[in-house]
Structures are given as structure tokens and as C-alpha cells.
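Indexing begins at 1, ligand by ligand and atom by atom, following the structure's order. In what follows, residues are counted from 1 in the order of the sequence shown.
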Amino acid sequence: MTQPASEALLAQARLYIPGGVNSPVRAFRGVGGDPFFVSRAKGARLWDADDREYIDYVGTWGPAILGHAPEAVTQAIASAATRGVSFGTPHSLEVEMAKTIVEWVPSVQKVRMVNSGTEATMSCIRLARGFTQREKLVKFEGCYHGHVDSLLVKAGSGALTNGQPDSAGVPAALAALTLTLPFNDPKALQATFSQHGREIAAVILEPVPANAGLYLPRPGFLELLQKLCIENGALLIFDEVMTGFRLARGGYQQLCGITPDLTALGKVIGGGLPVGAFGGRAEIMDLLSPEGPVYQAGTLSGNPLALSAGLAQLRELQRLDGWNKLEQLGAEFEEGVRYALRRSGRDYTFQRIGSMFCLYFTNQPVWNLADAQRSDKAAFARFFHVCRENGVYFAPSQFEAGFLCLAHTEADFARTAEVATKALLS
Ligand code: KE4
């Protein structure tokens with residue numbers, strides 16, 4: 001499928017940008033071929049530079065939960081811009097956003113705004129180390145928490161896709177402070193805590209890992225993790241950058257009933273503009289400068305334009321009872337995928353929670369990274385490209401989750417099921 005405009009843009013981009021992309025996963029290295037360049041997006045649709053239309057199941061990796069360019073958000077941005085795009089001083093929207101997060105997210109008593117999920121998780125681990133006066137961290141293989149030095153150890157998402165789960169440039173001495181475990185492995189967890197318990201500052205995890213595809217915590221795993229953290233004085237950090245404000249108004253912690261000490265947030269909270277946040281117990285958060293000794297800062301943190309977009313998106317989600325609608329859409333979408341699997345005779349593993357999903361090209365259930373890596377990546381790549389050529393855009397890697405939005409329709413799902421059937425037979 002020739003894409004002359006995208007090809008020309010990529011050739012230009014490669015002259016000035018490493019790999020021609022500003023984020024590695026966009027380079028299609030997980031599926032081969034070259035990325036298309038998007039020219040515009042609206043609702044559940046993308047149009048590329050050659051004016052080809054796609055049903056979009058990536059949603060800019062989660063933020064476009066209402067669909068692309070929803071009126072509520074674009075009007076809020078346009079209106080806010082007339083009052084100034086950045087002040088560098090406190091303003092009322094920061095109070096409104098903080099109040100909303102504290103009211104909606106069970107574990108958050110105090111919160112600070114940042115500009116990305118990476119900043120959110122980076123700040124959480126620095127704060128946890130400052131609060132506990134300890135240095136060791138625990139993370140899980142395949143979980144991705146942004147490109148934080150201490151967390152680019154057996155990382156997922158693009159790091160995994162591009163074969164760089166342990167990034168170059170991270171000092172060995174620093175990486176050695178991060179202990180990595182298989183997810184859903186109680187024995188490994190207990191062994192690590194019995195050996196290192198009093199040295200561990202925090203455990204950070206995606207409570208629903210979605211950077212090696214999508215898999216769920218086994219019953220009891222999060223409860224055991226919380227118990228071990230409490231017994232050993234380690235903090236529990238939920239990275240809800242993807243699941244926050246998507247799986248429920250209060251994120252996955254509202255559904256699972258586990259209250260972490262700190263939570264990292266991002267994506268949906270910015271309405272597509274650069275916003276992250278981290279929050280948790282007030283006694284921990286009050287260690288942050290200027291109140292306490294843990295420094296953390298940001299020129300554009302709490303930016304009025306970005307917060308206008310984020311608040312408009314959150315308000316619209318609430319107004320539309322978005323979380324229930326997303327669950328209904330998820331169930332309809334799943335029906336379509338299972339129809340395609342039956343018609344094509346493929347026994348691949350489809351996993352979903354709410355509006356997040358992954359089709360693994362393996363016939364075994366997936367509970368951790370090792371399971372996910374059993375997928376047939378070549379078959380996934382063929383599936384991805386046949387779908388793309390037929391106007392359906394899934395994430396360009398087996399190790400990414402897919403996202404539904406409120407702009408998806410039953411007609412989209414019927415079309416997708418037809419295309420997926422053809423692609424599964426490719
Ligand atoms: P950002 O720094 O990219 O805003 O957020 C980092 C991050 C933190 N935590 C979780 C659970 C995340 O999924 C992410 C980023 N997600 C990837 C998609 N898997 C972003 C896509 C990209 O890297 O381009």
C-alpha cells in the first residue's frame with residue numbers, strides 16, 4: 001500500500017528526528033514497515049497524510065477517551081487560550097483540578113500536577129525514597145512506567161517492543177537498586193520481601209499491566225502485595241497513568257478496593273494535552289518542597305490550557321456516565337472480536353477490562369510477561385498490516401493495549417470484525 005505523502009514526510013523527519021519519531025513505539029518497529037503520518041483526527045477516526053481513513057483503537061495511547069477533538073475539550077482550550085496559555089503563578093484551575101482528583105481517586109489526599117506520566121512516576125519514587133529513607137525499589141517485568149532511569153529495568157511498551165527492556169545509559173549502580181519480579185508470582189514476592197523487606201522504599205506497579213499487552217492481577221495478588229508492603233514499611237505505588245479515570249472514575253483502585261500510598265496519573269487527565277499528576281497520603285505528599293525536603297518542580301506544571309482541557313474531559317466523562325458506557329462498548333467490541341476468532345478458526349487469547357484490551361497471538365491465557373512473549377509476533381504483524389490496509393488501526397506492537405472511546409459505534413465494531421476475520425486468515 002503506497003503512502004506517498006507519509007513516505008515523503010518520514011524521509012524528511014528522519015533527517016532531523018532520531019528514527020523520524022518523537023517516541024519510539026510510533027516507528028512500527030514491532031510490526032515492520034513504516035508509520036503513516038496523521039493529518040487530522042475526529043471522534044474514533046484518524047486520517048493520514050494521504051487522506052486514508054482509519055477506525056482508531058489506539059486513541060493516542062489512552063488520552064482520547066471521548067474520541068479525538070471532542071467539542072467540550074476543543075472549546076475549553078480555545079476559550080482558555082484567550083486568557084493566557086501559561087502563567088507560572090498559581091491559578092484557580094489548579095485548585096479545581098486538585099479538588100477533583102482528591103474527590104475522585106480514593107487514595108489521594110494531596111496531589112501535585114506534572115507534565116507527563118514519566119514525571120508522575122519519577123516523582124513518586126523520589127518521594128517514596130525520601131519518606132522511607134530507603135533506596136531499593138521493586139517493579140514487575142514488562143511493566144512500563146515511563147522513561148525514568150530507575151524504572152527502565154525490564155520495562156515494557158516501546159522498550160520491550162524495541163528489544164531494550166534495560167536501557168543503555170542507566171548507571172549499573174542505579175539499576176541494581178531496582179529489583180524486578182514476574183507479575184502474579186506470590187512466591188517471588190514473598191522471597192524478595194523476606195530477603196530485602198526493610199531495604200525496600202516502594203513497590204511500583206501497573207495494577208493492570210498494559211504495557212506487555214493487557215493482563216490482570218490474579219485474585220489475592222494485590223492484597224498480598226499490600227500486606228507485605230505494610231509489614232515491611234514499604235510504600236505501595238499504583239501507576240494508573242493508563243487505568244486512571246478510564247476503568248472507573250477512581251481508577252482501578254476504586255474497582256479492586258486496594259488503597260495505594262501513592263498514585264501516578266496521566267493521559268485521560270490532560271484531554272490530550274501534556275498533563276500528569278501524582279498524589280497520595282498527605283503525610284507523604286507534604287514532604288515535597290516547599291513544605292519538605294523532597295524537591296520536585298515544573299515550569300509548566302498545572303498549565304492553565306492543559307488543565308482546561310483535562311477538566312473539560314473529566315467533566316464530560318462524568319456528564320455522559322462515560323465509565324458505564326465504556327464497559328458496554330467493551331462488551332460489544334469483545335463480541336465482535338470473538339466472532340472474528342470463531343469465523344477464522346483461530347484460538348488466540350483475547351483479554352479485556354472495560355475499554356482496554358489485547359488480542360494475544362497465543363492460545364494460552366496470559367498472566368505475566370513470559371506468557372505474553374509466547375505470542376506469535378510475526379502473525380500479529382501480518383494481522384496488524386492487513387487491518388491497517390483495510391482502515392482499522394490497532395497499536396503497532398503485540399506488547400501494547402488497545403483502547404476504546406465513547407465515539408466508537410456498533411457499526412465500527414461490525415466493520416472491525418469483518419476486517420479482523422480477513423486479517424486473522426492472512
Ligand atoms: P508518558 O511519560 O509517556 O506520558 O507516560 C509514561 C507512562 C507511565 N505509566 C504507564 C502505565 C504508561 O503506559 C506510560 C506510557 N504509555 C505508553 C504506551 N504504552 C506511551 C506511548 C509512548 O511511549 O509513546
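- When heavy-atom distances to ligand 1 are checked against 4.0 Å, the residues falling inside are Ser23, Val25, Trp61, Ser116, Gly117, Thr118, Tyr144, His145, Gly146, Ser157, Glu206, Asn211, Asp239, Val241, Met242, Lys267, Glu400, ordered by chain and number.
- Here Glu283 does not pair with Lys110 in a salt bridge; the nearest charged N to carboxylate O distance is not below 4.0 Å.
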Show every donor-acceptor pair shorter than 3.5 Å between a side-chain atom in residues 23-40 and any protein atom, with sequence neighbours excluded, or say none if there are none.
from  : atom 1 : to    : atom 2 : distance (Å)
Asp34 : OD1    : Arg14 : NH2    : 3.1
Ser39 : OG     : Trp47 : O      : 3.1
Ser39 : OG     : Asp48 : O      : 3.3

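- For Glu240 and Lys267, the salt-bridge test fails: no basic side-chain N is under 4.0 Å from an acidic carboxylate O.
- Aromatic rings from Phe394 and Phe384 are positioned such that their centres are separated by 6.0 Å or more.
- Every residue two or more places apart in sequence or in another chain that forms a salt bridge (Lys or Arg N to Asp or Glu O under 4.0 Å) with Lys99 is listed here: Glu103.
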Would you mind writing out the side-chain donor-acceptor pairs for residues 358-366 within the sub-3.5 Å range, not counting sequence neighbours?
from   : atom 1 : to     : atom 2 : distance (Å)
Tyr360 : OH     : Ala212 : O      : 2.7
Tyr360 : OH     : Leu214 : N      : 2.7
Tyr360 : OH     : Leu214 : O      : 3.4
Thr362 : OG1    : Gln364 : N      : 3.3
Asn363 : ND2    : Asp347 : OD2    : 3.4

